[in-house]
Protein chains: 2
Amino acid sequence: MPLRRRFTPEARTDVHRCLVCEIREHSVCNGIDDTELAILAQASKRLTLPPGTAMIEEGTPALSFFNVTSGTVKLFKSLPDGRRQITGFADVGHFLGLTTAKTYSFGAETVDTVQVCRFLRPQLETLLTDYPQFERRLLDEVTDELAEAQEQMLLLGRKTARERVASFLLNRMIPPAPAGQGKTEGCLVSLPMTRVDIADYLGLTIETVSRTISALRREQTITGTDNHGIRVLSVTRLRDLASGQDSR
Amino acid sequence: MPLRRRFTPEARTDVHRCLVCEIREHSVCNGIDDTELAILAQASKRLTLPPGTAMIEEGTPALSFFNVTSGTVKLFKSLPDGRRQITGFADVGHFLGLTTAKTYSFGAETVDTVQVCRFLRPQLETLLTDYPQFERRLLDEVTDELAEAQEQMLLLGRKTARERVASFLLNRMIPPAPAGQGKTEGCLVSLPMTRVDIADYLGLTIETVSRTISALRREQTITGTDNHGIRVLSVTRLRDLASGQDSR
DNA sequence: AGCTGTCGTTGATTTATATCAACAATAACC
DNA sequence: GGTTATTGTTGATATAAATCAACGACAGCT
């Protein structure tokens with residue numbers, strides 16, 4: 001059973017911040033040994049950002065690397081005429097801002113109140129060269145991101161609106177408490193973002209997203225009147241929908 | 001000026017294979033020092049594969065990692081009913097087969113005759129831990145792949161058929177010889193894949209791809225009757241089309 | 001509490017692209 | 001070298017999702 005650490009919400013740069021960090025084991029920071037955590041704390045700065053904060057502007061010099069410790073950040077790319085594609089949501093434990101280029105090729109904006117640890121580029125570089133385990137962990141993390149990106153390409157290129165929404169709800173489902181129950185019913189879905197964000201993530205319009213969610217509600221696959229908190233009634237059914245096994 | 005090395009097409013496992021490899025500097029192998037190349041050659045095996053060879057089967061145990069030294073490989077994901085999304089084409093210098101999971105989440109098939117160097121998982125692991133520069137190079141490579149994947153998500157989620165085809169042709173354009181000429185006219189595009197592959201990469205049907213290419217030909221943006229060799233007449237125009245700046 | 005703006009839903013209509021269909025061109029093969 | 005299969009093109013029609021439009025439900029503010 002993992003040790004439960006107290007999470008300190010205040011922005012602190014002290015040596016103990018990382019030692020005490022609740023989400024460390026779920027992030028790249030886990031690549032650094034417990035005895036070296038002071039160095040990690042010194043290399044980074046904890047920030048608290050209000051909803052709607054532009055963390056990264058497309059085309060801007062790539063100076064920072066962030067690790068999300070709470071909240072959700074949306075990553076996106078835009079076309080000159082304003083069309084936007086959200087390429088992912090970075091939740092707790094996920095990083096953002098990694099690039100080999102001089103400038104960012106994407107934007108990032110907080111969805112809700114977000115806490116991040118910010119690393120400046122040179123400091124990140126130092127960590128990568130000094131701590132092979134940290135670099136390995138980051139490589140694994142990026143490799144997983146790439147696999148997720150490929151899954152999303154399948155969604156955007158080949159799935160119907162119904163399949164897209166079902167896949168999305170499935171991906172954002174809070175893993176049900178492993179209380180040994182065979183059937184996973186009534187799973188919660190975390191939706192801190194707006195319909196516009198969901199549409200821009202799924203390559204649809206807000207109207208189509210809204211209609212599709214309404215349809216799923218109508219046919220009892222999901223429930224919940226609250227827009228940001230949906231409950232899945234049949235995970236099996238949703239899974240079938242997501243992969244194109246539509247029984248209707 | 002980079003030293004021009006002789007490329008040996010025969011499948012050899014000898015110590016000098018990597019030393020003599022023409023494309024080394026364009027791949028992850030460049031992360032290994034010249035003096036250590038014998039180890040790299042021993043860790044990998046050179047294979048020549050005919051067109052249409054299934055290199056990776058979705059869901060199969062992830063045992064190998066490949067580095068492409070010639071030809072083009074298509075990477076894809078499929079839905080149960082056969083719908084397919086090609087997530088990328090791995091050309092010379094690109095790797096494939098990287099994953100943190102036990103099994104591959106994607107498939108891979110050769111487009112034309114392909115030469116690869118195959119690394120078995122344990123051997124790759126060893127290289128990664130023993131040669132930090134190799135790992136760094138791979139991290140950079142994966143980071144770039146992720147940026148490309150995000151660009152492709154923008155294409156699949158938000159671009160029109162015209163914009164998708166224009167973007168594709170632009171991406172596959174052979175970089176024009178830097179002969180100092182101001183205007184880059186008549187650039188060649190490398191299209192070893194079929195229309196089906198292009199359609200599955202762009203999230204379109206073969207008919208739409210065909211029609212769009214015909215339209216671009218009709219309006220003098222491109223030429224070439226040969227299906228696998230197109231010539232771009234106006235790179236500027238194509239670039240405008242790709243980003244939605246359609247002047248028509 | 002009442003106003004104001006944002007966010008979400010639902011309905012009517014349009015449209016870009018898919019689908020269906022036929023044929024042309026190229027490549028593969030005996 | 002002519003036949004067959006594969007690959008690509010073009011046209012007609014259907015359709016899923018976009019667009020246009022109106023309204024409902026909140027959340028924030030004074």
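Every chain is numbered from 1, with letters handed out A, B, ... down the list of sequences. All heavy atoms count here, side chains included; hydrogens, waters and symmetry mates do not.
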Interatomic distance, A/Leu202 CG vs D/dA17 C1' [rounded to whole Å]: 13 Å

Spacing of A/Ile206 atom CD1 relative to D/dT19 atom P, expressed in whole Å: 11 Å

Heavy-atom donor-acceptor pair, B/Gln115 side chain to B/Leu49 backbone, under 3.5 Å: no

Protein-nucleotide distance (B/Arg158, atom CZ; C/dA16, atom P), rounded to Å: 16 Å

A/His228 NE2 to D/dC26 P, straight-line distance once rounded to whole Å: 12 Å

Side-chain H-bond candidate by donor/acceptor type, A/Lys77 with A/Thr87, under 3.5 Å: no

Donor-acceptor side-chain pairing of B/Arg17 and B/Ser44 below 3.5 angstrom: yes

Any B/Leu75 side-chain heavy atom under 4.5 Å of B/Glu109 side chain: no

Where protein sits on nucleotides 22-30 of chain C, one letter per nucleotide: B base, S sugar-phosphate only, - none, heavy atoms under 4.0 Å: ---------

Terminal axis angle for the helix from C/dA1-D/dT30 to C/dC30-D/dG1, five pairs an end, nearest 10 degrees: 50°

Sorted by number, the residues of residues 207-215 of chain B with heavy-atom contact under 4.0 Å to DNA chain C: B/Glu207, B/Thr208, B/Arg211

Protein-nucleotide distance (B/Ile230, atom CD1; D/dT9, atom C1'), rounded to Å: 13 Å

N or O in side chain of B/Thr205 less than 4.0 angstrom from C/dT17 OP1/OP2: no

Protein-nucleotide distance (B/Leu155, atom CG; C/dT17, atom P), rounded to Å: 12 Å

Whole angstrom value for the distance that separates C1' of C/dC7 from CG of A/Asp200: 14 Å

Carboxylate-amine/guanidinium proximity below 4.0 Å for B/Asp200 and A/Arg158: yes

A/Phe65/A/Phe95 aromatic ring centres below 6.0 Å: yes

Partner of A/Leu204 under side chain to side chain contact (heavy atoms under 4.5 Å, CB included), chosen from A/Arg211, A/Arg195, A/Arg164: A/Arg164

Touch class at under 4.0 angstrom, heavy-atom based, for B/Leu204 against every strand present: sugar-phosphate

Between P of D/dT6 and CG of B/Asp197, the distance in whole Å: 16 Å

D/dT9 phosphate, OP1 or OP2, under 4.0 Å from B/Arg217 side-chain N/O: yes

Criterion ring-ring contact (aromatic ring centres under 6.0 Å, His included) on A/Phe106 and A/Phe76, from CA distance to verdict: CA-CA 6 Å; A/Phe106 55 88; A/Phe76 55 87; 8.7 Å; no

B/Phe119 ring center near B/Phe66 ring center (under 6.0 Å): no

Donor-acceptor contact present, side-chain A/Arg172 to main-chain A/Ser190, <3.5 Å: yes

Evaluation steps, side-chain hydrogen bond (donor to acceptor under 3.5 Å, both in side chains), between A/Glu58 and A/Ser78: CA-CA 8 Å; A/Glu58 285 177 87; A/Ser78 307; 3.1 Å; yes

